[in-house]
Amino acid sequence: MSNEQRVSITLEDGVADVRFTRADKMNALDNAQFAAVAKAIDDLAAMKGLRCVVVSGEGRAFCAGLDLSRFGSGEGAQSDRSFADRTHGLANAAQHLAWGWRMLPVPVLAAVHGVAFGGGFQIMLGADIRFVAPDTRLAVMEMKWGLIPDMAGVALMRHLASDDIVRELTYTAREFSGEQAKAYGFATHLSAQPHADAMALAREIAGKNPHAVRAAKRLMNLSRDANAGEILVQESKEMAGLMRTPNQIETVLAVQQKRAPVFEEAG
């Protein structure tokens, strides 16, 4: 199966419906799946007319994490250099599979069902917003195999759940449910139909000024680590770049005229 067949992307009205399609293996991550997800992120970053992304898994699971057959085949071996190399800005190649969603210029929504273990859980965390089925099984699975989460998991978890919860789940590899994920802060919404609900919200976001949505994501990303002064300065810069632009004027006119806006694309 080629990389292109492992992940499908359909763009309609600015919303990219991204699906992991290795359903027979619960979308587990072997080398080909790693490459396919990374390529999907890179393709989305360059995509014209993109306004929002929904990422989901076909079949019984969002993503079951690392394909354990990689260990037996030797496919899972990595050099010290591969961990150290910053191949994608701040991230190495493995971290890019989760961190890359956060770095896309538009909002990313994850629709999660079935299973999200290990790498699959970390990919889910890279989304801006997560719709999770209540009976989903999740885990920071790496400690089960004597490892640590190495796909940006800690960098993403630390802003979602309390420090002690992040530590407990990382130290123990304990499985938890979608309902518990919502209580911990990992799930934004519980949903019996996560993909349909994520697509509905994505279409709503896609109907907003695309330049303003991208500016909001840049500001939100900065706010994770910047101090208040830096955030306030960036807020002012983003506002200055939006005021009286064609899309901002169109937003106001559409509200006044009670019609759908017609925007110029941001990218």
Side-chain angles (χ1 to χ4, degrees), residues 1-22 27 29 32-58 62-63 87-112 119-120 122-131 151-152 156 194-222 238 241-242 245-248 250-251 260-267:
M1 183 178 286
S2 68
N3 287 353
E4 289 77 9
Q5 293 172 302
R6 295 294 191 96
V7 180
S8 69
I9 302 176
T10 303
L11 181 67
E12 183 176 351
D13 296 330
V15 176
D17 186 359
V18 181
R19 303 189 186 202
F20 303 151
T21 59
R22 197 186 183 210
N27 300 308
L29 299 166
Q33 190 73 6
F34 264 95
V37 175
K39 183 178 185 301
I41 294 170
D42 295 341
D43 288 348
L44 290 163
M47 189 172 289
K48 301 297 183 182
L50 184 67
R51 298 188 185 184
C52 197
V53 174
V54 173
V55 58
S56 64
E58 293 189 348
F62 176 74
C63 176
T87 56
H88 295 80
L90 297 175
N92 67 24
Q95 292 163 342
H96 179 57
L97 265 68
W99 193 253
W101 303 103
R102 187 58 56 91
M103 292 298 101
L104 286 177
V106 302
V108 177
L109 284 56
V112 183
Q122 292 172 86
I123 290 172
M124 177 194 97
L125 296 178
D128 297 71
I129 298 166
R130 292 157 296 281
F131 289 82
M151 289 169 55
L156 293 165
H195 183 263
D197 288 344
M199 289 294 291
L201 180 58
R203 293 186 188 101
E204 180 181 348
I205 293 169
K208 308 300 184 186
N209 176 357
H211 285 102
V213 172
R214 289 178 177 230
K217 179 155 183 178
R218 288 192 296 269
L219 190 59
M220 294 297 177
N221 282 354
L222 176 71
E238 297 289 2
L242 291 169
T245 57
N247 277 351
Q248 194 267 321
E250 171 63 8
T251 300
V262 179
F263 293 122
E264 298 176 1
E265 292 299 339

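Note that the numbering runs from 1 along the sequence shown for the chain.
- Side-chain contact between Asp42 and His88 is present, with heavy atoms from C-beta onward closer than 4.5 Å.
- Side-chain contact between Thr245 and His211 is absent, with no heavy-atom pair separated by less than 4.5 Å.
- Ile205 has its side chain within reach of Leu109: a pair of non-hydrogen atoms, C-beta onward, lies under 4.5 Å apart.
- Asp197 pairs by the salt bridge (Lys or Arg N to Asp or Glu O under 4.0 Å) definition with nothing, not counting sequence neighbours.
- Side chain of Asp17 to main chain of Thr10: no donor-acceptor pair is present (N/O by atom type, distance under 3.5 Å, no hydrogens or angles).
- Across Ile41, Val108, Leu11, a single residue satisfies side chain to side chain contact (heavy atoms under 4.5 Å, CB included) together with Val53, and that is Val108.
- Taking SG of Cys63 as the start and CE of Met124 as the end, the distance is 11.5 Å to the nearest 0.5 Å.
- The ring-ring contact (aromatic ring centres under 6.0 Å, His included) test applied to His195 returns no partner, not counting sequence neighbours.
- In this structure, the side chain of Gln122 engages the main chain of Met151 through a donor-acceptor pair within 3.5 Å.
- Of the possible polar contacts, none joining the Asn209 side chain to the Phe263 backbone as a donor-acceptor pair under 3.5 Å is found.
- Annotation: side chain of Met103 is not in contact with side chain of Leu90 (no heavy-atom distance under 4.5 Å).
- Smallest separation of non-hydrogen atoms from Pro261 and Gly207: CG-O, 3.7 Å.
- The CG atom of Leu50 sits 6.0 Å away from atom CG of Leu44, with the distance rounded to the nearest 0.5 Å.
- Of the possible polar contacts, one joining the Glu250 side chain to the Val262 backbone as a donor-acceptor pair under 3.5 Å is found.
- The backbone N or O of Val106 sits less than 3.5 Å from a side-chain atom of Lys217, completing a donor-acceptor pair.
- Distance alone, capped at 3.5 Å, is enough to place a donor-acceptor pair between the Asn221 side chain and the Arg102 backbone.
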Worked verdict on Leu97 versus Leu29 for side-chain contact (heavy atoms from CB on, under 4.5 Å): CA-CA 10 Å; Leu97 265 68; Leu29 299 166; 4.2 Å; yes

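- In this structure, CZ in Arg6 is found 4.5 Å from CZ in Arg22, a value given to the nearest 0.5 Å.
- Counting only heavy atoms from C-beta outward, the side chains of Val54 and Phe131 never approach each other to under 4.5 Å.
- A side chain to side chain contact (heavy atoms under 4.5 Å, CB included) with Val7 is found for one member of Val18, Thr21, Asn27 and no other, namely Val18.
- Partners of Arg51 according to the salt bridge (Lys or Arg N to Asp or Glu O under 4.0 Å) rule, which considers only residues two or more places apart in sequence or in another chain, are Glu265.
- For the residue pair Val15 and Ala206, the shortest heavy atom distance occurs at CG2-CB, 3.8 Å.
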Check against side-chain contact (heavy atoms from CB on, under 4.5 Å), Trp101 and Leu156: CA-CA 11 Å; Trp101 303 103; Leu156 293 165; over 6 Å; no

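- Side-chain contact between Val213 and Pro107 is present, with heavy atoms from C-beta onward closer than 4.5 Å.
- We find the OG-CE distance between Ser56 and Met199 to be 8.5 Å, quoted to the nearest 0.5 Å.
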